[in-house]
Novice: 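Quick one: the structure is below, and I'll ask about it shortly.
As the structure is a prediction and not an experimental result, all values here were calculated from the model.
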Amino acid sequence: MPSSDARPIPAASPVIGEEEIDAAVRVMRTGRVVQGPEVAAFEAGFAELVGGAHCVAVNSGTSALHLLLLALGIGPGDEVIVPSFSFAASANAVRLVGADVVFADIEPDSFCLDPAAVEAAITPRTAAIMPVHLYGHPAAMDRLMPLAEKHGLAVVEDACQAHAAALDGTPVGAFGSGGTFSFYPTKNMHALEGGMVTTGDAEVARTLRLLRNQGMEQRYANEIVGANMRMTDVSAAVGRVQLTKLDGWTERRRANAAYLDGHITAPNVVTPTVAEGARHVYHQYTVRIRGDRDAAMARLSEAGIGNAVYYPTPIHRLKPYWEPDQKAGRGWELPETERAAAEVVSLPVHPALTAEDLERIVTVVNGLGESL
Ligand SMILES: Cc1ncc(COP(=O)(O)O)c(C=O)c1O
């Protein structure tokens with residue numbers, strides 16, 4: 001077992017290198033810093049990741065979800081089916097547009113929405129399904145899209161953790177009515193902070209462009225009510241640099257995950273599975289601990305191995321969701337969500353890991369033993 005004074009291996013390692021800094025400074029020197037040429041170029045570059053869909057850059061992944069729901073006309077009286085096993089932003093965006101969140105359970109292997117649970121949750125008020133491509137694994141779009149078509153529902157892909165993930169060759173963000181990406185620093189690529197909406201529908205794209213900028217395309221000729229959710233050119237310039245590195249980083253993440261898959265042999269640690277046809281981009285490498293998770297995490301931390309639980313509390317148990325449901329006498333049966341929240345731990349998988357780091361992670365994880 002490595003000694004506790006060995007170099008700590010962080011859970012994530014965002015890159016703000018010389019190229020990113022130079023790009024940011026270059027833009028600041030131009031004096032054109034808000035939604036200018038860099039944003040347009042970033043949108044054009046990102047379109048290549050999503051099969052040429054229209055791309056609209058905004059200031060965060062949450063804003064991307066919020067604006068996409070608005071652009072699709074989803075609001076009060078509508079229901080949106082969302083996994084409870086996600087970051088709160090997925091459900092928050094639904095509530096922010098005044099629609100109701102309906103939680104559906106996940107599939108235990110992928111940690112993503114279970115199409116059977118989604119179908120059971122559809123009501124006459126359902127307007128949309130929001131699959132979350134959690135941890136970088138694509139949701140079961142091959143089964144969710146036919147369901148949405150059958151019931152005439154919009155599909156809002158939350159791809160905030162899944163840049164360049166794909167299913168059967170189709171990139172996430174190109175399946176649904178629209179997709180959303182986050183460029184928060186710990187994501188597979190970042191823009192300091194930022195988000196992107198992708199859509200194949202030109203009308204939706206135009207509405208998104210209006211919504212992010214006070215309803216204006218022409219200055220002071222406001223067409224609709226909108227917000228200020230613009231991306232800065234500084235962010236876009238950083239995002240463009242990161243975009244050039246994404247392929248290499250993704251391959252590193254996938255290779256790191258393959259190493260961990262092949263070497264973690266502890267019987268009470270379940271390594272992640274990948275659905276047939278799925279390209280997993282390993283935003284997180286998430287295992288299940290069958291035993292005392294707190295003890296496992298304490299041992300990992302003692303050995304300097306970064307680790308974290310995403311997410312310890314399912315969204316339906318968070319106060320803004322739990323309290324109104326309790327008041328209304330409403331409850332959700334989400335056994336796979338509850339189990340995942342109790343069992344998961346994410347281990348380092350980021351591209352900055354060295355061969356030595358990977359060996360150390362494996363040694364510590366395999367040393368967790370049967371006592372857990
Ligand atoms: C699944 C998911 N959805 C939405 C978001 C929101 O993205 P942002 O933090 O850029 O607002 C995140 C990022 O944290 C996320 O992980």
Novice: Please determine whether the number of non-hydrogen atoms from other residues, nucleotides or ligands lying under 6.0 Å from atom CD of Gln218 exceeds 12.
Specialist: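 12 or below, so no.
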Novice: Is the backbone N or O of Ala340 less than 3.5 Å from a side-chain atom of Glu343, with the two atoms forming a donor-acceptor pair by type?
Specialist: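 No: the side chain of Glu343 does not pair with the backbone of Ala340.
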Novice: In the structure I gave you, are the side-chain heavy atoms of Val94 and Leu69 within less than 4.5 Å of one another anywhere?
Specialist: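 In contact.
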Novice: Just to verify, which of Val287, Thr286, Ile9, Leu353 counts as forming a side chain to side chain contact (heavy atoms under 4.5 Å, CB included) with Leu347?
Specialist: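 That would be Val287; it is the only one of Val287, Thr286, Ile9, Leu353 passing the side chain to side chain contact (heavy atoms under 4.5 Å, CB included) with Leu347.
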Novice: Would you indicate whether Tyr259, at its atom OH, is surrounded by more than 12 heavy atoms from other residues, nucleotides or ligands within a distance under 6.0 Å?
Specialist: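 Atom OH in Tyr259 is packed in, count exceeds 12.
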Novice: When you check the side-chain N and O atoms of His163 and Asn188, is any donor under 3.5 Å from an acceptor?
Specialist: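 Looking only at side-chain atoms, Asn188 and His163 do not form any donor-acceptor pair under 3.5 Å.
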Novice: Would you please classify the geometry between the Phe42 ring and the Phe46 ring as parallel, tilted or perpendicular, with 30° and 60° separating the classes?
Specialist: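 Perpendicular.
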Novice: Would you say the side chains of Gln284 and Gln161 form a donor-acceptor pair under 3.5 Å?
Specialist: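 On atom types as modelled, these side chains do not qualify, holding no pair under 3.5 Å.
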Novice: Would you check, one step at a time, whether the test side chain to side chain donor-acceptor pair (under 3.5 Å) holds for Asp158 with Ser86?
Specialist: CA-CA 10 Å; Asp158 181 340; Ser86 181; 4.6 Å; no
Novice: Check whether the ring centres of Phe87 and Tyr310 lie less than 6.0 Å apart, and answer yes or no.
Specialist: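 Ring centroids of Phe87 and Tyr310 are no less than 6.0 Å from each other.
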Novice: Would the number of heavy atoms belonging to other residues, nucleotides or ligands and lying under 6.0 Å from CZ of Arg330 be above 12?
Specialist: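 More than 12 heavy atoms, drawn from other residues, nucleotides or ligands, come within 6.0 Å of this atom.
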Novice: Is the gap between the ring centers of His280 and Tyr282 under 6.0 Å?
Specialist: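 Ring centroids of His280 and Tyr282 are less than 6.0 Å from each other.
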Novice: Where do Asp357 and Arg7 come nearest, in terms of heavy atoms and distance?
Specialist: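 Between these two residues, the closest heavy atoms are OD1-NH2, 2.6 Å.
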Novice: Is the shortest side-chain N to carboxylate O distance from Glu323 to Arg317 below 4.0 Å?
Specialist: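 Between Arg317 and Glu323 there is no salt bridge, as every charged N stays at least 4.0 Å from the carboxylate O atoms.
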Novice: Classify the ring geometry of Phe111 against Phe85: parallel below 30°, tilted from 30° to 60°, perpendicular beyond 60°.
Specialist: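 Rings of Phe111 and Phe85: tilted, as their planes differ by 30° to 60°.
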Novice: Counting only heavy atoms from other residues, nucleotides and ligands, does the tally under 6.0 Å from CD of Glu356 exceed 12?
Specialist: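 No, the 6.0 Å shell around CD holds no more than 12 heavy atoms from other groups.
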Novice: Do Val155 and Met145 have side-chain heavy atoms sitting under 4.5 Å apart?
Specialist: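 Yes. Closest side-chain heavy atoms under 4.5 Å.
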Novice: Any salt bridge between Arg206 and Glu203, counting N to O under 4.0 Å?
Specialist: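 Salt bridge between Arg206 and Glu203, a charged N being under 4.0 Å from a carboxylate O: no.
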Novice: Between Ala140 and Glu107, which heavy-atom pair has the shortest distance, and what is it?
Specialist: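 So the two residues come closest at CB-OE1, 4.1 Å.
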Novice: What pairs of residues pass the salt bridge (charged side-chain N to carboxylate O under 4.0 Å, His left out) test when at least one of them lies in residues 117-140, not counting sequence neighbours?
Specialist: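 Qualifying pairs: Glu79-Arg125, Asp100-Arg125, Glu119-Lys150.
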Novice: Using every non-hydrogen atom in the two residues, find where Pro83 and Ile315 come nearest and quote the distance to one decimal.
Specialist: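 The pair with the smallest heavy-atom distance is O-CD1, 3.9 Å.
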Novice: Which heavy atom in Ala104 sits nearest to a heavy atom in Leu334, and how many Å separate them?
Specialist: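 Smallest interatomic distance, heavy atoms only, reads C-CD2, 3.6 Å.
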Novice: Can you check side chain to side chain contact (heavy atoms under 4.5 Å, CB included) on Glu223 and Glu217, steps first, answer last?
Specialist: CA-CA 8 Å; Glu223 298 176 38; Glu217 197 169 48; 4.0 Å; yes
Novice: So Arg95 and Pro324, do their side chains get closer than 4.5 Å, heavy atoms only?
Specialist: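 Result yes, sub-4.5 Å side-chain heavy-atom pair found.
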Novice: Going by atom types alone, do Thr62 and Asn92 pair a side-chain donor with an acceptor below 3.5 Å?
Specialist: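 On atom types as modelled, these side chains do not qualify, holding no pair under 3.5 Å.
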Novice: Pair Ile81, Met130 - check side chain to side chain contact (heavy atoms under 4.5 Å, CB included), show working.
Specialist: CA-CA 6 Å; Ile81 300 174; Met130 185 188 289; over 6 Å; no
Novice: Do the ring planes of Phe103 and Tyr321 sit parallel (below 30°), tilted (30 to 60°) or perpendicular (above 60°)?
Specialist: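 Correct class here is perpendicular.
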Novice: Could you name each residue pair satisfying salt bridge (charged side-chain N to carboxylate O under 4.0 Å, His left out) that touches residues 207-216, not counting sequence neighbours?
Specialist: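 Sorted result for residues 207-216: Glu43-Arg209, Glu43-Arg212.
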Novice: Using the side chain to side chain contact (heavy atoms under 4.5 Å, CB included) definition, which of the options Asp292, Ile264, Val269 pairs with Leu368?
Specialist: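 Output: one option passes, namely Val269.
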Novice: Would you mind reporting whether His263 and Leu358 have side-chain heavy atoms less than 4.5 Å apart?
Specialist: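 With C-beta onward as the side chain, the pair stays apart.
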Novice: Any side-chain heavy atom of Leu260 within less than 4.5 Å of one from Thr271?
Specialist: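 Leu260 vs Thr271: side chains apart.
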Novice: Using a strict 4.0 Å threshold on nitrogen-to-oxygen distance, state whether Glu38 and Arg240 make a salt bridge.
Specialist: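 The answer is yes: the pair qualifies as a salt bridge.
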Novice: Just checking, any donor-acceptor pair under 3.5 angstrom between side chains of Asp261 and Tyr285?
Specialist: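 The criterion, which ignores hydrogens and geometry beyond distance, is satisfied for Tyr285 and Asp261.
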Novice: So, do His151 and Thr126 sit near enough that their side-chain heavy atoms are less than 4.5 Å apart?
Specialist: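 They are not in contact (no side-chain heavy atoms under 4.5 Å apart), so the answer is no.
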Novice: Side chains of Leu49 and Leu246: does their closest heavy-atom pair fall under 4.5 Å?
Specialist: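 Side-chain contact under 4.5 Å: yes.
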Novice: Does the side chain of His190 come within less than 4.5 Å of Tyr184's, by heavy atoms?
Specialist: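 No, side chains not in contact.
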Novice: Specify the closest pair of heavy atoms between Val345 and Ile289, including all atoms of both residues, with the distance to one decimal.
Specialist: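 Reported closest heavy-atom pair: CG2-CG1, 3.9 Å.
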Novice: If you draw a 6.0 Å radius around CD in Glu251, do more than 12 non-hydrogen atoms from other residues or ligands fall strictly inside?
Specialist: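 Yes, the 6.0 Å shell around CD holds more than 12 heavy atoms from other groups.
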Novice: Indicate the atoms forming the closest heavy-atom contact of Glu336 with Pro108, along with that distance.
Specialist: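 So the minimum-distance heavy-atom pair works out to OE1-CB, 3.5 Å.
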Novice: Under a 3.5 Å threshold, yes or no: a donor from one side chain and an acceptor from the other, between Asp247 and Thr250?
Specialist: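 Short answer, no.
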Novice: Can a donor-acceptor pair be found, under 3.5 Å and without considering hydrogens, that links the side chain of Thr30 to the backbone of Val27?
Specialist: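 Yes, because the side chain of Thr30 sits within donor-acceptor range (under 3.5 Å) of the backbone of Val27.
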